[in-house]
**Q** 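Please see the structure below; I have some questions.
Per chain, numbering begins at 1; letters A, B, ... match sequence-line order. The model shown is predicted, which means the values in this text are computed figures rather than measured ones.
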Amino acid sequence: MIRAVKGTRDLLPPSTSVWNHVEAVARQVFSSYCYQEIRTPIFEETQLFARGVGEETDIVTKEMYTFEDRDGSSLTLRPENTASVIRAFIEHRLDQRPGVQKLYYMGPMFRRERPQKGRYRQFFQIGAEAIGSESPAIDAEVIEMVLEILGRAGLSGYQALINSVGCADCRPLFIARLREELKDKAHALCGDCQRRAASNPLRVLDCKVEADQPIIETLPSILDYLCERCRPHFAAVRQYLDDRSIPYEVKPRLVRGLDYYMRTTFEVVHGSLGAQNSVLGGGRYDGLAESLGSKIPSPGIGFSIGEDRLVMAVEEGFPARGPDLYVAPLGEPALRHAAVLARDLRRQGFSVEMAVEGKLKRSLELANKLGARFALIVGDNEMESGVYALKDMASGDQSNVNRAGITERIGN
RNA sequence: GUGGGUGUAGCUCAGCUUGGUAGAGCGCCGGAUUGUGGUUCCGGUGGCCGAGGGUUCGAAUCCCUCCACCCACCCCA
């Protein structure tokens with residue numbers, strides 16, 4: 001048997017209705033914030049991600065699906081979409097368009113990791129980028145917007161975490177300080193942290209090992225090292241969030257794994273997701289455009305929702321919806337009559353299923369299993385009189401209604 | 001890349017310790033009901049027991065190898 005390849009999966013009904021719901025909500029919210037959709041290619045030149053995401057990141061060093069094209073060029077399935085969006089922004093001179101460029105996207109990304117709960121090799125992200133301003137007001141608006149999506153998608157019980165990771169001026173100073181502290185303290189930490197202390201000291205701050213926490217508490221906070229530009233920026237973001245009464249927690253130890261993040265970073269976590277508890281991550285990336293070859297500075301901020309994870313968290317308790325009406329014709333003449341009737345009702349916007357074979361008993365059985373709200377019986381009597389038997393499947397009540405009566409009853 | 005867990009019917013699982021050639025519930029199909037679903041009752045469909053090898057008169061069960069899936073680490077959405 002041929003199966004879906006490791007880390008990929010088929011999304012089947014009824015789950016796909018949840019996916020559609022999440023995507024529809026996102027599009028509505030994006031639209032209300034005047035974000036417009038951008039669709040970039042699924043694969044790009046490998047260099048784009050190597051330079052955009054960061055040569056030393058895990059994504060680039062061990063997780064990319066990279067292959068050689070027939071002409072020898074190196075291509076890569078996108079592991080994330082921000083680099084592509086910035087590439088398109090530069091390529092098409094979107095900086096020449098008026099105002100902040102507000103773009104959103106949704107679609108599959110690819111990373112070759114070991115799959116586990118909430119992690120797949122092909123996974124889906126819904127994201128947005130606001131490019132062209134470094135105003136903290138944009139940061140707050142972006143965070144507000146993404147929380148709006150989560151709420152309207154039906155997610156509750158989540159926690160928003162924010163932080164500032166500084167900029168090219170202040171972060172190096174902090175990292176230097178951190179390295180110094182770790183020289184004395186690293187030996188008491190877990191094995192992973194000892195390794196991180198050398199390779200990526202910021203990661204030590206994010207360690208989840210319980211025994212390490214007392215020591216990690218004593219390490220310096222990046223917030224104490226923010227420079228004269230970053231500190232007021234972060235304060236303003238917080239002020240704007242407070243103005244909106246948006247609940248969040250400042251987590252100075254929140255670090256992100258992609259090189260391009262600077263200043264504001266944020267994340268939303270949810271309890272029902274297993275070890276991969278992050279539903280979305282995002283942040284500011286003011287230097288990214290330049291590092292991808294833009295001659296003009298194009299500061300930006302964006303986020304990406306892990307759609308697989310959001311769907312997982314929202315799916316339970318999502319109501320299954322059956323057809324509005326199940327039409328059960330009795331015999332061939334009735335079927336022809338019922339088919340026209342079904343078409344007209346569908347044109348009116350109702351979801352209508354019609355039995356194309358089988359006895360009445362069987363049809364009602366199916367109407368019940370499919371969760372139809374009403375069943376309509378169309379037989380010789382009904383065709384002759386124009387009065388149909390309409391059955392409320394929940395109560396079992398059956399009434400005789402004419403053609404207009406059908407619309408009226410199922411329309412409520 | 002590393003560690004742990006699990007593989008038996010479409011699904012959830014029992015059986016494995018103490019080898020004797022497969023079970024339950026749910027689902028699906030049909031009947032009780034010639035134009036009336038849900039509850040109930042009756043019947044039926046359905047599995048080379050993950051794959052290969054070994055031990056044995058005999059293996060779902062014991063041993064070995066492999067594979068797949070899941071969870072976790074790393075890291076991230």
**Q** What is the distance, to the nearest angstrom, from the CG atom on Leu273(A) to the P atom on C70(B)?
**A**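 Taking CG of Leu273(A) and P of C70(B), I get 17 Å after rounding.
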
**Q** For G23(B) versus A9(B), give the span between their C1' atoms, rounded off to a whole number of Å.
**A**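 Going atom to atom, C1' in each nucleotide, I get 10 Å.
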
**Q** Would you mind pulling out the nucleotide paired to U56(B), Watson-Crick or G-U wobble, both distances under 3.5 Å?
**A** none

**Q** Which residues, if any, of residues 300-321 of chain A bring a heavy atom under 4.0 Å of RNA chain B?
**A** Ser304(A), Gly306(A), Arg309(A)

**Q** I'd like the P distance from C71(B) over to A59(B), given in whole Å.
**A**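 Approximately 36 Å lies between the P atom of A59(B) and that of C71(B).
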
**Q** May I ask you to evaluate whether Arg119(A) reaches the phosphate of C74(B), defined as a side-chain N or O under 4.0 Å from OP1 or OP2?
**A** no

**Q** On a heavy-atom basis, which atom in Ala153(A) and which in Val314(A) lie closest, and how many Å separate them?
**A** O-CG1, 3.5 Å

**Q** Using the P atoms only, state how far C57(B) lies from G50(B), rounded to an integer number of Å.
**A** 25 Å

**Q** Taking atom P of C75(B) as reference, at what distance in whole Å does atom OH of Tyr261(A) sit?
**A** 17 Å

**Q** Between atom CD1 of Ile86(A) and atom CG of Leu94(A), what is the distance when rounded to the nearest 0.5 Å?
**A** 9.5 Å

**Q** I'd like a list of close polar pairs between nucleotides 31-38 of chain B and the protein, N/O only, cut-off under 3.5 Å.
**A**
{"unit_1": "G31(B)", "atom_1": "OP1", "unit_2": "Lys359(A)", "atom_2": "NZ", "d": "3.0"}
{"unit_1": "G35(B)", "atom_1": "O6", "unit_2": "Asn381(A)", "atom_2": "N", "d": "3.4"}
{"unit_1": "G35(B)", "atom_1": "O6", "unit_2": "Asn381(A)", "atom_2": "OD1", "d": "3.2"}
{"unit_1": "G35(B)", "atom_1": "O6", "unit_2": "Asn381(A)", "atom_2": "ND2", "d": "2.5"}
{"unit_1": "G35(B)", "atom_1": "N1", "unit_2": "Glu382(A)", "atom_2": "OE1", "d": "3.1"}
{"unit_1": "G35(B)", "atom_1": "N1", "unit_2": "Glu382(A)", "atom_2": "OE2", "d": "3.3"}
{"unit_1": "G35(B)", "atom_1": "N2", "unit_2": "Glu382(A)", "atom_2": "OE2", "d": "2.6"}
{"unit_1": "U36(B)", "atom_1": "O2", "unit_2": "Lys391(A)", "atom_2": "NZ", "d": "3.0"}
{"unit_1": "U36(B)", "atom_1": "O2", "unit_2": "Gln398(A)", "atom_2": "OE1", "d": "3.1"}
{"unit_1": "U36(B)", "atom_1": "N3", "unit_2": "Gln398(A)", "atom_2": "OE1", "d": "2.8"}
{"unit_1": "U36(B)", "atom_1": "N3", "unit_2": "Gln398(A)", "atom_2": "NE2", "d": "3.1"}
{"unit_1": "U36(B)", "atom_1": "O4", "unit_2": "Gln398(A)", "atom_2": "NE2", "d": "2.8"}
{"unit_1": "G37(B)", "atom_1": "N7", "unit_2": "Lys391(A)", "atom_2": "NZ", "d": "3.0"}
{"unit_1": "G37(B)", "atom_1": "N1", "unit_2": "Met393(A)", "atom_2": "O", "d": "2.5"}
{"unit_1": "G37(B)", "atom_1": "N2", "unit_2": "Asn368(A)", "atom_2": "OD1", "d": "2.8"}
{"unit_1": "G37(B)", "atom_1": "N2", "unit_2": "Met393(A)", "atom_2": "O", "d": "2.6"}
{"unit_1": "G38(B)", "atom_1": "O4'", "unit_2": "Asn368(A)", "atom_2": "ND2", "d": "3.2"}
{"unit_1": "G38(B)", "atom_1": "N2", "unit_2": "Ala394(A)", "atom_2": "O", "d": "2.8"}

**Q** Whether Glu217(A) and Arg253(A) form a salt bridge (side-chain N of Lys/Arg under 4.0 Å from carboxylate O of Asp/Glu) is what I want to check.
**A** yes

**Q** Determine the interatomic distance between P on G15(B) and the same-named atom on G58(B); round to the nearest Å.
**A** 26 Å

**Q** Who is the Watson-Crick or G-U wobble partner of G38(B), with both distances under 3.5 Å?
**A**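 Result: none.
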
**Q** Take Tyr104(A) and Phe30(A) through the test ring-ring contact (aromatic ring centres under 6.0 Å, His included) and record every step on the way to the result.
**A** CA-CA 7 Å; Tyr104(A) 78 85; Phe30(A) 285 140; 4.4 Å; yes

**Q** With a 4.0 Å cut-off on N to O distance, would you call Arg177(A) and Glu181(A) a salt bridge?
**A**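 Glu181(A) and Arg177(A): salt-bridged.
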
**Q** Within a 6.0 Å radius of atom CD on Gln398(A), are there more than 12 heavy atoms belonging to other residues, nucleotides or ligands?
**A**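 Counting neighbours around CD of Gln398(A), more than 12 heavy atoms of other residues, nucleotides or ligands fall under 6.0 Å, so yes.
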
**Q** Can you tell me the base-pairing partner of G43(B)? Count Watson-Crick or G-U wobble geometry only, both distances below 3.5 Å, and say none if there is no partner.
**A** C29(B)

**Q** Rounding to a whole Å, what distance do you find between Glu23(A):CD and A77(B):C1'?
**A**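 Rounding to the nearest Å, CD of Glu23(A) and C1' of A77(B) are 15 Å apart.
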
**Q** With no hydrogens and no angle check, just 3.5 Å: does a side-chain donor-acceptor pair link Asp242(A) and Tyr248(A)?
**A** yes

**Q** Does C13(B) have a Watson-Crick or wobble mate here (both distances under 3.5 Å), and if so which one?
**A** G23(B)

**Q** Ion pair present between Glu44(A) and Arg87(A), side-chain N to carboxylate O less than 4.0 angstrom?
**A** yes

**Q** Which whole-number value in Å describes the distance from Asn277(A) CG to C71(B) P?
**A** 15 Å

**Q** Between Glu144(A), Lys102(A), Glu148(A), which is the residue that forms a side chain to side chain donor-acceptor pair (under 3.5 Å) with Tyr33(A)?
**A** Glu144(A)

**Q** Establish, with yes or no, whether the OP1 or OP2 oxygen of C71(B) is under 4.0 angstrom from a side-chain nitrogen or oxygen of Gln276(A).
**A**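 Indeed not, no polar side-chain atom of Gln276(A) lies that close.
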
**Q** How far does the C1' atom of C29(B) sit from the matching atom of A51(B), given to the nearest Å?
**A** 32 Å

**Q** For nucleotides 44-50 of chain B, list the nitrogen or oxygen atoms of the protein found under 3.5 Å from its nitrogen or oxygen atoms, one pair per line.
**A**
none

**Q** Paired with G1(B): which nucleotide, if any, by Watson-Crick or G-U wobble criteria at under 3.5 Å for both distances?
**A**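 Its partner is C73(B) (Watson-Crick or G-U wobble, both distances under 3.5 Å).
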
**Q** Just the rounded figure in Å: distance from C1' of A77(B) to CD1 of Ile59(A).
**A** 9 Å

**Q** Under a 4.0 Å N-O cut-off, is there an ion pair linking Arg284(A) with Asp139(A)?
**A** yes

**Q** Over all strands shown, is Phe110(A) touching base, sugar-phosphate only, or nothing at heavy-atom distances under 4.0 angstrom?
**A**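 Nothing: the residue Phe110(A), judged by heavy atoms under 4.0 Å, touches no strand.
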
**Q** Using whole Å, report how far CZ of Arg111(A) lies from P of C74(B).
**A**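 My rounded result for the distance is 16 Å.
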
**Q** Is it true that Glu180(A) and Lys185(A) make a salt bridge, defined as a side-chain N closer than 4.0 Å to a carboxylate O?
**A** no

**Q** On the nucleotide A72(B), are OP1 or OP2 found under 4.0 Å from the side-chain N or O atoms that Gln116(A) carries?
**A** yes

**Q** Is it true that Lys361(A) and Glu365(A) make a salt bridge, defined as a side-chain N closer than 4.0 Å to a carboxylate O?
**A**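 Salt bridge flag = yes for Glu365(A) with Lys361(A).
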
**Q** Between Arg27(A) and Glu37(A), is there a side-chain N and carboxylate O pair less than 4.0 Å apart?
**A**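 Result for this pair is yes, salt bridge flagged.
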
**Q** Quantified in whole Å, what is the C1' atom distance between nucleotide C63(B) and nucleotide G47(B)?
**A**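 Each nucleotide's C1' atom is 25 Å from the other's.
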
**Q** Using 4.0 Å as the upper bound for N to carboxylate O, is an ion pair formed by Arg111(A) and Asp58(A)?
**A** no

**Q** Between G27(B) and U65(B), how many Å separate the two P atoms, rounded to a whole number?
**A**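 One P to the other, the span is 42 Å.
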
**Q** Taking atom C1' in both G54(B) and G46(B), compute the distance separating them and give it to the nearest angstrom.
**A**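 Between the two C1' atoms, the distance is 32 Å.
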
**Q** Between the side-chain atoms of Arg114(A) and the base atoms of A72(B), is any donor-acceptor pair under 3.5 Å?
**A** no

**Q** Select base, sugar-phosphate, or nothing to describe what Glu113(A) touches, counting heavy atoms under 4.0 Å on all strands.
**A**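 Base: the residue Glu113(A), judged by heavy atoms under 4.0 Å, touches a nucleobase.
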
